[in-house]
Amino acid sequence: MTKLSGKTAVVTGAAQGIGKAIALRLAKEGANVAVVDRNEEKIIQTANEIKELDKDCKGYVLDLKHTEAIAPLYETIAKDFGRIDIAVHAAGVALTKDFMEITGSDWDFVMDVNAKALFFCVQQAAKQMMATGGGRIINFASIAGKQPTKPDLSVYGASKAAVLSITKTAAANFAASKISINAICPGVVHTAMWDQIDSDRARIYNQPIGKAIENITGLIPLGRLAELDEISGLVAYLSSPEAEYITGQSINICGGMIMS
Ligand SMILES: NC(=O)c1ccc[n+]([C@@H]2O[C@H](COP(=O)([O-])OP(=O)(O)OC[C@H]3O[C@@H](n4cnc5c(N)ncnc54)[C@H](O)[C@@H]3O)[C@@H](O)[C@H]2O)c1
């Protein structure tokens, strides 16, 4: 019997990177997993890898910026699996562009996914959990939501600050329903998102590929990027019985890049 046996988890953004690592980790801890992403080919791949672990898993293809489809999505998942105990919201996008060049559509591109879609995912996860006596919600923010970013990640930082606010407000509102809600703030993890930032900065600042990651690594007191296993391990802990008393928190996992 593993820690999360009998639980059902939903993970958004599970086609690759952090979300995929979390989906696999929660399955290894015993959970059945519903995986959600806009990337059909890759989400099927994630679902197949989880099924190989002998866990019930189903992939759902949705571009979460269509927020009207989020309530039907969570209803379908609750019907398919019987309940939702854990919801991890990792779907997100970044945009590397100078503060002075940001347009209204740039703002919407980032905010629609990172803040607006996440809000409705939290709302609908909480609705399903209230019906079954409680649960855990874990939202992906970033240290970029807590401190100034380079000026080329301004909207991303604003969207992650929104995640922190949504997390605290939801945690206060749904505590009485036994739903614990926390945010994770990673520093830097080497995923497709950071490859994109690195190649954008290579183009914008006329520097070699790899330089942006090298530069940011130099700012990390522990001297290295985070491993996917370290992020998914924190999610597994926050999903576990031992973490029942933790709610409304934002937990930095950033090698000491920020300390508050
Ligand atoms: N990688 C890092 O260093 C880092 C640091 C801090 C926070 N984060 C956050 O962690 C989360 C995961 O990041 P990652 O590095 O794995 O990124 P990633 O780009 O590798 O993966 C993001 C996933 O989200 C999905 N997604 C994006 N927009 C979507 C939409 N509209 N609808 C459905 N799915 C969508 C993508 O298809 C992809 O599978 C994000 O919220 C990110 O902001 C990452």
Side-chain angles (χ1 to χ4, degrees), residues 10-25 34-47 49 59-70 73-74 87-96 108-122 138-147 149-150 153 155-164 166-167 183-201 212-213 215-217 219-220 224-232 234-235 250-255 257-258:
V10 179
V11 183
T12 72
Q16 63 183 30
I18 291 173
K20 179 174 182 176
I22 291 165
L24 283 159
R25 175 66 183 256
V35 288
V36 180
D37 206 281
R38 64 180 172 187
N39 186 321
E40 182 168 6
E41 197 186 324
K42 287 188 175 178
I43 204 67
I44 291 170
Q45 173 65 27
T46 301
E49 287 179 39
Y60 300 82
V61 180
L62 178 64
D63 186 330
L64 291 161
K65 76 174 184 234
H66 301 302
T67 49
E68 73 290 348
I70 291 174
L73 170 76
Y74 278 78
V88 183
H89 301 135
V93 292
L95 175 76
T96 322
D108 292 344
F109 167 72
V110 178
M111 285 297 194
D112 280 356
V113 182
N114 293 7
K116 186 177 176 187
L118 181 134
F119 179 96
F120 290 105
C121 286
V122 171
I138 297 152
N139 297 323
F140 269 79
S142 166
I143 60 167
K146 290 187 166 177
Q147 64 173 13
T149 59
K150 273 193 98 150
L153 286 174
V155 187
Y156 181 77
S159 73
K160 295 304 186 179
V163 173
L164 296 172
I166 294 163
T167 299
I184 291 181
C185 295
V188 185
V189 195
H190 198 161
T191 62
M193 182 175 280
W194 253 98
D195 276 337
Q196 184 63 50
I197 295 169
D198 186 71
S199 70
D200 288 343
R201 286 188 177 164
I213 291 180
N215 286 348
I216 199 139
T217 306
L219 301 176
I220 303 171
R224 64 169 178 84
L225 307 188
E227 300 289 340
L228 286 171
D229 278 355
E230 292 170 321
I231 308 290
S232 63
L234 178 56
V235 173
S250 60
I251 300 167
N252 304 330
I253 175 160
C254 62
M257 276 180 93
I258 64 172

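We count residues from 1, following the sequence as given. In each ligand, atom 1 is the first atom listed, and ligand 1 is the first ligand listed.
Taking every heavy atom of L62 and a limit of under 4.0 angstrom, the matching atoms of ligand 1 come to 32 (N), 33 (C). Each of the following atoms of ligand 1 lies closer than 4.0 Å to a heavy atom of W194: 1 (N), 2 (C), 3 (O).
For the salt bridge (Lys or Arg N to Asp or Glu O under 4.0 Å) test, no residue two or more places apart in sequence or in another chain qualifies with D112.
Taking each heavy atom of M257 and V188 in turn, the nearest pair found is SD-CG2, 4.3 Å.
With 3.5 Å as the limit, one finds no donor-acceptor pair spanning the side chains of Q45 and E41.
One finds the CG atom of D195 at 10.5 Å from the CG atom of D200 (value rounded to the nearest 0.5 Å).
Under 4.0 angstrom from ligand 1, the non-hydrogen atoms of A141 all belong to its backbone.
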> Is there a side chain to side chain contact (heavy atoms under 4.5 Å, CB included) between K146 and N252 once you walk through the steps?
Replying inline: CA-CA 10 Å; K146 290 187 166 177; N252 304 330; 2.7 Å; yes
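Polar contact with ligand 1: present for L64 (N/O pair, distance under 3.5 Å). Looking at ligand 1, you'll find an N or O of A90 within less than 3.5 Å of one of its N or O atoms. By the 3.5 Å distance cut-off applied to N or O atoms, D63 is counted among the residues near ligand 1.
Distances from atom 34 (N) of ligand 1 to the heavy atoms of R38, H89, H190, Q196 show the closest one on R38.
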